Amino acid sequence: MLAYIVRRLLYAIPILLGVNLITFALFFVVNSPDDMARMQLGVKRVTPQAIERWKAERGYDKPLVWNAAATGLSKATDTIFFDKSLKMFAFDFGRAEDGRDIALEIRTRMGPSLAIALPTFVLGLIVTVSFSLLLVFFRATYLDVTGVVLCVVAMSVSGLFYIIGGQFLVSKIWHLVPISGYTSGLDAARFVALPVAIGVVSGIGSSARFYRTLFLDEINRDYVRTARAKGLSELAVLFRHVLKNGMIPILTGVVVVIPLLFMGALLTESFFGVPGLGSYTIDAINSQDFAVVRAMVFIGSVLYILGLLLTDISYTLVDPRVSLS
């Protein structure tokens, strides 16, 4: 197991380097530092002196990948690629365009993001698995057909509808929770209750329909018929056999999402005014803060690779027949 984890972590290094190279090319080759300066200063009536001053203040006046004028290791280290891209492997993200430390902002905003993402993830998984098992238990009945129709309808509705409709109905009409904002401590529950509920409801349709298909595939297998022949009840078969064996494909989509919970929900945090990583990314895109966007892309890549590793490891916990070698 340890050798497998080490090998997968070593495989992640070239993947992250590739992501870094692609991100660097998008930000500094396709979109040159001169273009960044013009977008920040204004496209019209920008003098070359102002552009050079903007680049010097932010370290964009260096060569891209190779500094021929430098000596020794400085030829490679005194470059934009090393300063803005390779340093991210040490989680040195530098400063945003407004001068604030990006790493400090990420640590500060991680709490509000997790306050929404973790309850949404846990409650959503419990609700969708339970609902799909209910449909399987009453398969080929009116309840099953109605549930599938509701899932299809829920899948067809945009997530913005749930957010705007929930804010209008629950906050503006019923006045049950604040319409937006965030605070720390136990009082934060009032502000995250509605985003969590909307996150759970909006994800039921696609997830429950997918899980139902997996469980229906398992319930027709030979081992299930054998369990019934031994006298086990339908509930025992469903929870002791079908659920356990159906969890492997579910883990493929679930475990890989866990690290990405730290990234926050872009739309939810923006609409509800939650100062998390999702709204931080949206604000950086709107203000064309390339340093923040690069940092969030890198963190997302790292977390996704960790999620894939956790997925492979979780297979052995659910099904001992799966071996990591």
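Treat the numbers as computed from the prediction; the structure is a model and nothing was measured.
- The only option from F81, F290, F298, F82 that meets the ring pair (Phe, Tyr, Trp, His ring centres under 6.0 Å) definition with F24 turns out to be F81.
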Give the table of side-chain donor-acceptor pairs shorter than 3.5 Å for residues 83-90, with sequence neighbours excluded, one pair per line with atom names and distance.
unit_1: D83; atom_1: OD1; unit_2: K87; atom_2: NZ; d: 3.1
unit_1: K84; atom_1: NZ; unit_2: R58; atom_2: O; d: 2.8

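- Annotation: I173, atom CD1; neighbour count of heavy atoms from other residues, nucleotides and ligands within 6.0 Å is above 12.
- Between D187 and R190 there is a salt bridge, with a side-chain nitrogen of the basic residue lying less than 4.0 Å from a carboxylate oxygen of the acidic one.
- A search for side-chain hydrogen bond (donor to acceptor under 3.5 Å, both in side chains) contacts involving N31 returns nothing, not counting sequence neighbours.
- For R109, the CZ atom counts as densely surrounded, since its 6.0 Å shell holds more than 12 non-hydrogen atoms of other residues, nucleotides or ligands.
- For the pair S156 and V152, the tightest heavy-atom approach, listed with the atom from each and the gap, is OG-O, 2.8 Å.
- Contact of the I106 side chain with the M296 side chain is registered, since non-hydrogen atoms from C-beta on lie closer than 4.5 Å.
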Please list every donor-acceptor pair under 3.5 Å in which a side-chain atom of residues 160-168 meets a protein atom from a residue at least two apart or in another chain.
unit_1: Y162; atom_1: OH; unit_2: A154; atom_2: O; d: 3.2
unit_1: Q167; atom_1: NE2; unit_2: I179; atom_2: O; d: 3.2
unit_1: Q167; atom_1: NE2; unit_2: F271; atom_2: O; d: 3.1

- Query: After noting the C-alpha distance and the side-chain angles of T23 and N20, does the key distance pass the side chain to side chain donor-acceptor pair (under 3.5 Å) rule?
  - Reply: CA-CA 5 Å; T23 306; N20 231 346; 5.4 Å; no

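- Smallest separation of non-hydrogen atoms from L266 and G278: CD2-O, 3.4 Å.
- When side chains are defined from C-beta on, V254 counts as touching F121, because their heavy atoms get closer than 4.5 Å.
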- Given the rule in the side chain to side chain donor-acceptor pair (under 3.5 Å) test, do Y223 and E218 qualify, once you have shown the distances and angles that lead to the verdict? CA-CA 9 Å; Y223 74 89; E218 289 293 327; 2.6 Å; yes

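- A 6.0 Å sphere centred on CG of L186 holds no more than 12 heavy atoms belonging to other residues, nucleotides or ligands.
- Side chains of V136 and V242 form no contact here, defined as non-hydrogen atoms less than 4.5 Å apart.
- Separating the CG atom in L16 from the CG atom in L9 is a distance of 10.0 Å, to the nearest 0.5 Å.
- For E234, the side-chain hydrogen bond (donor to acceptor under 3.5 Å, both in side chains) criterion is met by R139, R228, not counting sequence neighbours.
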- Query: Can you list the steps and then say if S113 with E269 is a side chain to side chain donor-acceptor pair (under 3.5 Å)?
  - Reply: CA-CA 8 Å; S113 289; E269 291 181 4; 2.8 Å; yes

For residues 191-202, which side-chain donor-acceptor pairs fall under 3.5 Å, sequence neighbours excluded?
unit_1: S202; atom_1: OG; unit_2: I198; atom_2: O; d: 2.9
unit_1: S202; atom_1: OG; unit_2: G199; atom_2: O; d: 3.2

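- Counting all heavy atoms, side chain and backbone alike, G59 lies closest to I80 at O-CG1, 3.9 Å.
- For Y280, the ring pair (Phe, Tyr, Trp, His ring centres under 6.0 Å) test picks out no residue, with sequence neighbours left out.
- Not one N or O on the side chain of N67 forms a donor-acceptor pair closer than 3.5 Å with the backbone of P63.
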